Amino acid sequence: MATPLLDPAVPGDAHAAQRLASEAVIWLGTVAADGRPHTVPVWFAWDDPKVTIFSRPDTAKVGHLRTHDLVTVALDTAGQGTDVVTGSGHARLSEFGKVEKALDAFGRKYAPMLGDQPLDAWLMTFSLPIVVTLDRFVAWRSTSAGLEYRSLPSRG
């Protein structure tokens, strides 16, 4: 089991963890073979320090990950740019049997957005799990006491 990056006793970390648990979209940045960056919005499940994404297997991001596993992630900024959560790490292509905990969390999180479509039907299209293990995390937000900033390398 990977060592968590965030400390729930630190208010800024708790806030970032809450956003990671509840936000619908995270932006995933990959790198093409020619070095060109590629950033796409994706649905995800968070289990510190892992971000699990489900993708169609024929996408550019999957092709990029087959040759280059370094990635970035970022939530949309909140508070008009004063609430930022970003990270970087390594991604690996996985399989359903290895992401059962994340799959359960993902299903609960996105059930309202899927409406009448069962998760199993959705997963027939988005059939490739991608697991990102963050080894760097940066967050900042504006509070009544001023700017709160955290930059965390992996403790593991």
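Everything numeric in this text was worked out from a predicted model, so none of it was measured.
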Atom of [X], atom of [Y] and distance for their closest heavy-atom approach:
{"X": "Val40", "Y": "Lys61", "value": "CG2-CD, 3.9 Å"}
{"X": "Asp135", "Y": "Gly89", "value": "OD1-CA, 3.6 Å"}
{"X": "Trp46", "Y": "Ala17", "value": "CD1-O, 4.2 Å"}
{"X": "Thr133", "Y": "Lys50", "value": "OG1-NZ, 3.6 Å"}
{"X": "Pro8", "Y": "Ala14", "value": "O-CB, 3.7 Å"}
{"X": "Val71", "Y": "Ala91", "value": "CG1-CB, 3.8 Å"}

Measuring from atom [atom1] of [X] to atom [atom2] of [Y], what distance do you get when rounded to the nearest 0.5 angstrom?
{"X": "Ser94", "Y": "Ile53", "atom1": "OG", "atom2": "CD1", "result": "12.0 Å"}
{"X": "Ser151", "Y": "Trp140", "atom1": "OG", "atom2": "CH2", "result": "10.0 Å"}
{"X": "Leu119", "Y": "Lys109", "atom1": "CG", "atom2": "NZ", "result": "13.5 Å"}
{"X": "Leu123", "Y": "Leu103", "atom1": "CG", "atom2": "CG", "result": "5.5 Å"}
{"X": "Leu70", "Y": "His64", "atom1": "CG", "atom2": "NE2", "result": "14.0 Å"}
{"X": "Ile26", "Y": "Asp76", "atom1": "CD1", "atom2": "CG", "result": "9.5 Å"}

Evaluate the side-chain proximity of [Y] to [X]: yes if any heavy-atom separation is below 4.5 Å, no if none is.
{"X": "Arg66", "Y": "Leu93", "value": "yes"}
{"X": "Leu75", "Y": "Phe44", "value": "yes"}
{"X": "His68", "Y": "Thr30", "value": "no"}
{"X": "Arg36", "Y": "Val31", "value": "no"}
{"X": "Leu28", "Y": "Val132", "value": "yes"}
{"X": "Val62", "Y": "Leu128", "value": "yes"}
{"X": "Val73", "Y": "Phe137", "value": "no"}

Stepwise side chain to side chain contact (heavy atoms under 4.5 Å, CB included) check, Asp7 with Leu152: CA-CA 10 Å; Asp7 181 348; Leu152 304 170; over 6 Å; no
Other residues, nucleotides, ligands: >12 heavy atoms within 6.0 Å of Asp34 CG: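 Enclosed.
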Partners meeting side chain to side chain donor-acceptor pair (under 3.5 Å) with Thr59 (sequence neighbours left out):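 Listed in chain order: Ser55.
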Within one Ile-Leu-Val-Met-Phe-Trp-Tyr cluster: [X] and [Y], side-chain cutoff 4.5 Å:
{"X": "Phe96", "Y": "Val42", "value": "yes"}
{"X": "Met113", "Y": "Met124", "value": "no"}
{"X": "Phe126", "Y": "Leu65", "value": "yes"}
{"X": "Val84", "Y": "Tyr149", "value": "yes"}
{"X": "Val10", "Y": "Val85", "value": "no"}

Side chain Lys101, main chain Asp47, donor-acceptor under 3.5 Å: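 Answer holds: no.
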Side-chain donor/acceptor of Asp48 to backbone N/O of Leu5, under 3.5 Å: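 A pair under 3.5 Å: yes.
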Option passing side chain to side chain contact (heavy atoms under 4.5 Å, CB included) with Arg141 (candidates Thr82, Thr77, Asp83):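 Only one of Thr82, Thr77, Asp83 forms a side chain to side chain contact (heavy atoms under 4.5 Å, CB included) with Arg141, namely Asp83.
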Asp13 bridged to Arg150 by N-O distance under 4.0 Å: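 Result for this pair is yes, salt bridge flagged.
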Counterpart residues, salt bridge (Lys or Arg N to Asp or Glu O under 4.0 Å), relative to Arg108 (two or more places apart):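 Partners of Arg108 by the salt bridge (Lys or Arg N to Asp or Glu O under 4.0 Å) criterion come out as none, since no residue qualifies.
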Residue list, ring-ring contact (aromatic ring centres under 6.0 Å, His included) with Phe106, at least two apart or on another chain: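 Here the qualifying residues are Phe54, Tyr110, Trp122.
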